[in-house]
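Read through the structure below, which is laid out as structure tokens, and then see the notes.
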Amino acid sequence: MKMYWVKTRWFIKKIFSRFVWDMCNATNTVYLTFDDGPTPEVTEWVLSVLKEHNIKATFFCIGNNIEKHPDIFKKVIDEGHTIANHTFNHLNGWNTSNQTYLENIDKTESLIAQYYSSFKNNKLFRPPYGRMKSSQAKEVLKKGYKIIMWDVLSADFDKTITPEKCLENITKNTRNGSIIIFHDSVKAYPNLKHALPSSIKYLKEKGFSFGVVS
């Protein structure tokens, strides 16, 4: 049984109003975001798809993956995409002490800043699994971050769904201003290979443009 919502409910957005769930606008723009990279082959494939369609996206990167794959990370930056913090070790905030959680974020911030000078002017953070304590959120906001959640979850990570269902999650739920989550991870790749290019084609046909989170 799945333990997630594909479309974030309105009351969740209202309860957690300090977080950014969508970015409604007058230009019919949606926002592609990618979690958990950089990952060899997968992130590079994502970059090739985005380049083909002239789309810029927002990458929520794990510090440990940046450290292991700096060349791929630099390629994401060089191709004009926005970089964001996703902790160093993909921590579940509910199961982590505040000190450890915040130190993990700081460690990733220092690593990002070595390569990405723009980060200090647009500090974005997404909690892994969407889970963090209110006390952690308070401290993250005090550090100058915007906490970016999502409006539509592709569920590409879910091995029990088909690539076609992953695509349907996007096409049935995306609206003006939707922040959409994909994952540039090995686990998600089988669904992502179908859902990402097909989603882009569908959204373009529906008149959507693509932006980066800020």
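Here the structure is a predicted model, which is why all the values come from computation and not from measurement. Hydrogens, waters and symmetry mates are skipped; everything else that's a heavy atom, side chains included, is used.
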Between [X] (side chain only) and [Y] (backbone N and O only), is there a donor and an acceptor less than 3.5 Å apart?
X      : Y      : value
Asn169 : Lys172 : no
Thr29  : Phe210 : no
Glu44  : Glu41  : yes
Lys7   : Asn173 : yes
Asn92  : Pro128 : no
Asn104 : Asn89  : yes
Asp22  : Cys24  : no
Asp184 : Gly37  : yes
Ser199 : Ile170 : no
His81  : Ala57  : yes

[X] versus [Y], closest heavy-atom pair with distance:
X      : Y      : result
Val140 : Met132 : CG2-CE, 3.9 Å
Leu196 : Trp45  : CD2-CZ3, 3.9 Å
Gly130 : Trp150 : CA-CH2, 3.7 Å
Cys61  : Ile66  : CB-CD1, 3.8 Å
Asn85  : Phe60  : O-CD2, 4.0 Å
Leu111 : Glu67  : CD2-N, 3.8 Å

Under 4.5 Å between side-chain heavy atoms, hopping through other hydrophobics if needed: is there a path connecting [X] to [Y]?
X      : Y      : value
Leu167 : Phe182 : no
Leu102 : Leu141 : yes
Phe34  : Leu153 : yes
Tyr145 : Phe59  : yes
Val152 : Tyr202 : yes

Would Phe157 and Asp35 count as a side-chain contact (heavy atoms from CB on, under 4.5 Å) if you check the C-alpha gap in whole Å, the side-chain angles of each, and the deciding distance to 0.1 Å?
CA-CA 10 Å; Phe157 58 83; Asp35 285 9; over 6 Å; no
Please tell me whether Tyr116 and Asn122 have a donor and an acceptor in their side chains that are separated by less than 3.5 angstrom.
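Absent: no donor and acceptor within the cut-off.
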Could you measure the distance from the [atom1] atom of [X] to the [atom2] atom of [Y]? Nearest 0.5 Å is fine.
X      : Y      : atom1 : atom2 : answer
Lys187 : Lys159 : NZ    : NZ    : 6.5 Å
Glu139 : Gln99  : CD    : CD    : 11.5 Å
Met23  : Ser178 : CE    : OG    : 12.0 Å
Arg9   : Asp151 : CZ    : CG    : 11.0 Å
Ile105 : Phe125 : CD1   : CZ    : 3.5 Å
Lys56  : Leu32  : NZ    : CG    : 12.5 Å

For atom [atom1] of [X], decide whether the heavy atoms of other residues, nucleotides or ligands shown that lie under 6.0 angstrom number more than 12.
X      : atom1 : result
Asn121 : CG    : yes
Lys146 : NZ    : no
Trp94  : CH2   : no
Lys204 : NZ    : yes

Any non-hydrogen side-chain atom of [X] less than 4.5 Å from a side-chain atom of [Y]?
X      : Y      : answer
Asn191 : His183 : no
His194 : Cys166 : no
Asn98  : Lys133 : yes
Ile180 : Leu203 : yes
Ser185 : Val42  : no
Thr82  : Ser214 : no

When you look at Lys13 and Met149, which way does the side-chain contact (heavy atoms from CB on, under 4.5 Å) test go after all the steps?
CA-CA 9 Å; Lys13 296 179 182 180; Met149 303 299 272; over 6 Å; no
Derivation of the side-chain contact (heavy atoms from CB on, under 4.5 Å) call for Thr108 and Phe88
CA-CA 5 Å; Thr108 304; Phe88 193 86; 3.3 Å; yes
Decide yes or no on side-chain contact (heavy atoms from CB on, under 4.5 Å) for Leu91 and Gln136, but give the supporting numbers first.
CA-CA 12 Å; Leu91 296 183; Gln136 293 166 346; over 6 Å; no
Evaluate salt bridge (charged side-chain N to carboxylate O under 4.0 Å, His left out) for Asp78 paired with Lys75, printing each intermediate quantity in order.
CA-CA 5 Å; Asp78 290 344; Lys75 186 175 182 180; over 6 Å; no
Looking at Tyr189, is Lys193 sitting on its ring face, NZ or CZ under 6.0 Å from the six-membered ring centre and within 45 degrees of the normal?
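Yes - Lys193 lies over the ring of Tyr189, closer than 6.0 Å to its centre and within 45° of its axis.
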